[in-house]
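A short write-up of the structure that comes next.
All values below come from the heavy atoms of this structure, side chains included, with hydrogens, waters and symmetry mates left out.
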Amino acid sequence: MSLFGSTPGIAKPAAPSTGSVQDLAGDRDLTSPPEDSISDLSFSPQAEFLAVSSWDKKVRIYELAANGDSQGKTLYEHQGPVLSVHWSKDGTKVVSGGADKAGRLLDMNTGQSSQIAVHDAAIKSVRFVDAGNSGQQIVATGSWDKTLKYWDLRSPNPIGTVQLPERVYTMDVQQQLLVVGTAERHICIVDLSNPVTIFKKMQSQLKLQTRVITCYPTGNGFAVGSIEGRCSFQYVDDKDQTRWGFSFRCHRDNATTGARTETNVYSVNAINFHPQFGTFSTAGSDGSFHFWDKDSKHRLKGYGSLGASIPATAFNRNGTIFAYALSYDWSKGYQFNRPDYPNVVKLHPVKEEEVKPRPAKKR
C-alpha cells in the first residue's frame with residue numbers, strides 16, 4: 001500500500017537522524033478516535049485494518065484508504081478497560097483482553113463478538129499462537145492472576161494453563177517462541193511445541209520494571225523495554241546471547257537548572273520490528289519515537305517529544321505505515337490524567353531511509 005501518494009523504492013540522499021516537526025506534517029489523524037486512554041494498536045496481517053483498544057472499554061476497527069483517509073468499520077465492548085488486542089494471521093478474527101478479566105473475540109465475517117476466555121484478574125496481554133501440528137490457531141492470555149492460559153475457540157474451558165512467578169505485564173509471540181514478562185523483572189520463555197511448560201526462566205538484564213517485550217521476527221530472541229529508559233536485546237540460545245546480546249539507553253533528556261544538569265528518564269512503552277527490513281522502533285513516555293538498526297547499533301531516525309506520551313505503536317503488514325498513539329500512559333498515576341490530555345492515533349507514512357538498515361562498514 002502506498003500511503004498518502006508516497007512512492008516507495010526510490011533512492012534518496014541520506015537524511016539527518018533527527019527528524020523535525022515538518023517531517024511529520026503529513027501524518028494523518030485516525031477518524032473518530034477512542035474517548036479515553038489508548039492501550040494497544042494492532043494491524044491486520046491481511047488487509048489495511050487497524051484495531052485500537054482503549055480504557056473506554058471498547059475495541060475499534062478502522063479501515064485505511066490509500067490516500068490516508070480512515071473510517072470506523074466496527075467496534076465491540078468489554079465491561080472494563082481493554083488492555084490488549086491482536087489479529088489472527090488470516091485476518092478474520094480479533095482477540096482482546098481487559099480489566100474485566102475477560103477475553104473477547106470478534107469475528108470479522110459476521111461482525112459478532114463473544115467471550116472466549118476468563119481469568120481471576122485482569123488480562124494484560126493476548127496473542128493468537130500456533131501450537132501443535134493441527135495448523136489451528138489458539139489464543140494465549142496472560143493475566144495479573146499470575147497465569148498464562150491457552151484457549152481453543154471451540155471450547156469454553158482453557159486447554160492449558162501455565163503458572164507464572166508473578167503478574168503478567170507484557171507478552172509476545174513469533175513462530176514457536178512465546179515470551180512473557182512479569183512483575184519483579186521475571187522473563188519466561190515458552191517453546192510452543194510444548195506450550196504448557198516453561199522452557200527457560202530468567203530475569204531481565206534491565207534493573208527496573210519491564211514495560212514491553214517484543215519477539216524478533218526470526219523467533220530466536222526478543223527485545224525488552226523498561227521504565228528506566230533502556231532497551232535490551234536478548235537471545236534464547238546462550239551462545240547467541242553472549243555474542244549478540246546488548247542493551248542501550250534511550251528515551252532520556254537532560255534538564256539544566258543553573259549549573260546543575262539532571263537526566264530525565266522515561267518509560268519505553270512500545271517496540272516494533274519493521275516487517276521488511278527487521279529494523280525496529282521504540283516509543284515512550286517522553287512522547288518521542290525512534291527507528292533503530294539493532295545489527296549496526298545505530299539510530300536511523302528519531303522524532304522528539306510530541307507533547308503527549310506514546311503508549312502504543314504498530315507497523316502495518318508491509319511496513320509503509322507506522323501508527324502511533326498520543327495518549328496518557330498512566331506512568332505518573334491517575335492524578336496526571338487531565339481532561340484535556342489528547343487521545344489521538346497518528347498514521348505516519350514511512351520513508352525507506354527512516355527504516356532501511358545502513359550498509360555494513362568494511363573493516
Exercise: identify the closest heavy-atom pair between [X] and [Y]:
X: Ser96; Y: Val82; value: CB-CG1, 3.9 Å
X: Gln79; Y: Asp100; value: N-OD2, 2.9 Å
X: Tyr62; Y: Thr31; value: CE2-O, 2.9 Å
X: Gln176; Y: Asp130; value: NE2-O, 3.4 Å
X: Thr92; Y: Ser88; value: N-OG, 3.4 Å
X: Ser39; Y: Ser84; value: OG-N, 4.4 Å

Judged by atom type as modelled, is there a donor-acceptor pair below 3.5 Å linking the side chain of [X] to the main-chain atoms of [Y]?
X: Gln203; Y: Gln205; answer: no
X: Asp172; Y: Cys215; answer: yes
X: Asp56; Y: Glu35; answer: yes
X: Gln46; Y: Lys89; answer: yes
X: Asp120; Y: Asp145; answer: no
X: Thr170; Y: Ile213; answer: yes

Are any of the side-chain nitrogens in [X] or [Y] under 4.0 Å away from the carboxylate oxygens of its partner?
X: Arg243; Y: Asp237; answer: no
X: Arg249; Y: Glu228; answer: no
X: Asp23; Y: Lys351; answer: no
X: Arg28; Y: Asp69; answer: yes

Are Val236 and Tyr216 grouped together when hydrophobic residues (ILVMFWY) are joined by side-chain heavy atoms under 4.5 angstrom apart? no

Below 30° counts as parallel, above 60° as perpendicular, anything between as tilted: where do the rings of Phe273 and Phe280 land? tilted

Just wondering, do Asn318 and Gln276 contact through their side chains at under 4.5 Å, heavy atoms? no

